[in-house]
Asker: 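Quick one: this structure, given as structure tokens, is what I'll be asking you about.
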Amino acid sequence: MKIGREQAQKSLKVAVLGNPNSGKSTLFNALTGLNQQTGNYPGVTVEKHSGDALIENEKTNEKIYITYLDLPGTYSIYPKTLDEEVCFKVMCDETNEDHPDVAIIVADASNIRRSLFLATQIIDLRIPCIFVMNMMDIARVRGVQIDTEELSKFLGVPVVAANARKRHGIDNIKKLLAEGVEAPKKDFIDIKHFAPAVFIDNVQKMFPKQSPYAVFQIINNEAGIEHFEILPTQKIDIKKQIKATGFEKHPIQSQETIARYKAINEIVKETVKIDEEEKRKSLSSRIDSVLTHKFWGYLIFLGVLFVIFQSIFLIAKYPMDGIEFFFVKLSELGKDVLPKGEFADLLINGVLAGLSGVVVFVPQIALLFAFIAILEDTGYMARVSFIMDRLMRPLGLNGRSVIPLMSGMACAVPAIMGARTISNWKERITTIMVTPLMSCSARLPVYTLLISLVIPSTHNYGFFNMQGLVLMAMYLIGFLAALTAAFVMKALIKTREKTHFIMEMPLYHIPKASTILLTIYQKARIFLFDAGKVIIAISVILWVMASHAPAGKYPVIEKAYSSADSVKKYTPKQIETRMASEKLKESYAGIAGKWIEPVIKPLGFDWKIGIALITSFAAREAFVGTMATLYSADNEDNSQSIREKMAVAVNPSTGKLEYTAAVGFSLMLFYAFAMQCMSTLAVVYRETKSIKWPIIQFLYMGAMAYLASLIVYTLAK
Amino acid sequence: MAKEIVTLDKLKPGEVGIVMSFNDEENALKFMEMGCTPGQKIKMDSIAPLGDPIAVIVSGYKLSMRKTEAALINVDRIK
């Protein structure tokens, strides 16, 4: 959307910050609408949301272009998590490109003390700010009354009562921004009471424009936080003084925190009336007694998981079929309209096929994120963490890992994106790394084909159907493998971020439709444009491999089938399928399949399976299609299904049946463990912002697959 | 009445204590930022079904933490 930046007389950088669950993002959305960009902060894998808007000063008619930055939720400017690190850098380093001209501090009106803690830290940095009391109406209902005028006098900054969900107070904020916000004039607490005053004064000479508290943060940064850079000469000087004065940051920060809360309590006493006892009998507490109940809590969570799983598995199927149908029609149209040749082939079978492979994931991503947004927005996600933490902890995972892991049984792509709700980096990366081991829906066609091939459908033990049991065992194996991998990764991944579980259990809210829709829109956009590029590129490479052969190979095949002899012997349809089969065998993919045969032979795989392993990289279910093409020429009878053809296939070197139980199980285990999905790798790359993690994932899963298949084949053959 | 100093994880659901001190400096800062400052009332609200973590009420809101973390907070049990 165009907002007319060129009309503006001046521009302003505004940071929106606040505690998690303070409704900060809702306010940000209300301020910016759809004019949002999503990126990453340099150096960390924290998502950066920014947006812009044009506002007008009604008195002077001056137009101001504003860039809003939605900072991650934080309780304090002292960084403990990657999210908080970003806030520290942006707020305390005035040379940071995102350092704001004005800060909007969003407070949950029913959690005023904790919000004031962060606010007073920003005030002491002397950054011009507006204190927004969000969710005022909920607070009022719960018996909290706040005198905003009085509060504004105490803080020395403007205070706005708002309700971002209903867009109340938004105009007041815009008006203040348009008219200009001044920097706070007085310090809320005097840091020189706690930190060595002479030291602060000395350093302030180097940074004359900064407040004493901002100077203290620069010293803190040099005393071990080290999240931003200052001039090397200043750095040396400050480090020298840290040593000389015996400056220790933790005791000073503790004293500061206690002093801050003491002063805040005084202000709250004057400006806020709370009926503490009444508050706790609130609805939220009663809901909690059910949702965290030792029986009902788990039953409800199981129900929620079931609904999510069913939706991304079954409901998403309809739009996905629709998308596939659309692309099939589009490529048919392309075949008719475009002049036949290399270019049309590339466009239809390379680019369009890749595009279809990208867009087809959107329904699943949209559905999963709709659920995640609802669970986050209502406050239920914190309860899931609460009841699941004990179970997931031994595996180095968080209670929040459960939903991405389970969604991985439908598709790893949305699941890995869903791991963003895990704030701890180590727990998040572990979840991302193990999720693809869960048996996703693309493995189902492969399992079904292979099971029907090697397990006779007549094998029933009373009530149990043997084929069904094996399928269930495959899902179970994937699940156990994911847990085991997590357990191993817990020991291997080192991090400077501490794992802690000190977490707010927010009050329950009714989710807001616009927040959910915006989440879906953002996630779909990230996937389509960031991961999509990689997927289409790989898709084109795979197309080149499967449809091109070294010079001179294809004309020979084409010539053989255009001979009068062939035309007499086969129907046109048979010629087409036979040619397709022989061309695939001679193609680069076929060469690669033969080339890897010695490596996969110990697993019981021949070069045909080798080709299928390579084409499966586009999507696992491509295994079935590739096998169908390869075996299409082997038998004259076109009424035979691919299953029947594979069932009678004979191994030329042994003269026995090709697909024995040993090969079948070996192949199933290979598909259960191997990282054969380019979309997943692309999304892991997008989410971790590093090529390292997809490579590690590809290698460790490949090694697991190879070993498992080798063992099973060796024992069973 | 004699003071009865215990760590927070020892409180039973419904019991209230006053935050006295912390056994770990780095976590202390985190607790205090979240509103668990010395002198604050803290109430054990509930224990997760599997015995860990716990939920407490402090500064007017509900906070959950693991038992190992609660063991870093010394409280004066008052009822």
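Every chain is numbered from 1, with letters handed out A, B, ... down the list of sequences. Owing to the predicted nature of the structure, the values given are computational and were not obtained by experimental measurement.
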Asker: Can you check whether A:Y75 reaches B:K30 side chain to side chain, under 4.5 Å on heavy atoms?
Answerer: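 Yes; the side chains approach each other to less than 4.5 Å.
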Asker: Can you tell me which portion of A:N265 sits under 4.5 Å from chain B's heavy atoms? Options are side chain, backbone, both or neither.
Answerer: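 The side chain, not the backbone.
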Asker: Looking only at heavy atoms and a cut-off of under 4.5 Å, which of A:H250, A:E504, A:R393, A:M388 has the most pairs with chain B?
Answerer: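 Top count of heavy-atom pairs under 4.5 Å with chain B: A:R393.
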Asker: Please round to the nearest 0.5 Å and tell me the distance separating atom OG of A:S254 and atom CD of B:E25.
Answerer: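 That separation rounds to 5.5 Å.
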Asker: Between B:A55, B:A28, B:G35, B:P53, which shows the greatest number of heavy-atom pairs under 4.5 Å with chain A?
Answerer: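 Option with the greatest count: B:P53.
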Asker: Between A:Q255 and chain B, with a heavy-atom cut-off of 4.5 Å, which part of the residue counts as in contact: side chain, backbone, both or neither?
Answerer: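 Neither; nothing under 4.5 Å.
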Asker: Checking heavy atoms, do the side chain of B:T37, its backbone, both or neither come under 4.5 Å from chain A?
Answerer: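 It is the side chain, since no backbone atom gets that close.
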Asker: So which heavy atom on A:T257 is nearest to which on B:E33, and how close?
Answerer: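 Scanning both residues, the minimum pair turns out to be CG2-N, 4.0 Å.
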Asker: For residues A:Y261 and B:M34, report the shortest heavy-atom separation together with the two atoms involved.
Answerer: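 Nearest pair, atom of A:Y261 first, then B:M34: OH-C, 3.8 Å.
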Asker: Decide yes or no on side-chain contact (heavy atoms from CB on, under 4.5 Å) for B:N27 and A:I502, but give the supporting numbers first.
Answerer: CA-CA 9 Å; B:N27 276 298; A:I502 305 169; 4.2 Å; yes
Asker: Side chain from CB out, backbone as N, CA, C, O: work out which of these in A:P251 comes under 4.5 Å of a heavy atom of chain B, or both, or neither.
Answerer: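 Both parts, backbone and side chain.
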Asker: What is the distance from atom CG of A:L391 to atom CG of B:D52, rounded to the nearest 0.5 Å?
Answerer: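 Here the rounded value is 11.5 Å.
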Asker: Can you tell which part of A:F295 gets under 4.5 Å to a heavy atom of chain B, answering side chain, backbone, both or neither?
Answerer: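 Neither; nothing under 4.5 Å.
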Asker: Checking A:F386 against chain B: side chain, backbone, both or neither under 4.5 Å from a heavy atom?
Answerer: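 Both backbone and side chain.
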Asker: Closest heavy-atom contact between A:I387 and B:L50?
Answerer: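 For A:I387 and B:L50, the tightest heavy-atom pair comes out as O-CD1, 4.0 Å.
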Asker: Heavy-atom pairs under 4.5 Å with chain A: which of B:P49, B:S46, B:P38 has the most?
Answerer: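 The answer is B:P49.
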Asker: Roughly how far, to the nearest 0.5 Å, is CZ of A:R390 from CD1 of B:I47?
Answerer: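 One gets 13.5 Å once the value is rounded to the nearest 0.5 Å.
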Asker: Before you tell me yes or no, could you show the steps for A:M505 and B:D45 under side-chain contact (heavy atoms from CB on, under 4.5 Å), namely the whole-Å CA-CA distance, both residues' side-chain angles and the distance that decides it to 0.1 Å?
Answerer: CA-CA 12 Å; A:M505 306 258 273; B:D45 180 76; over 6 Å; no
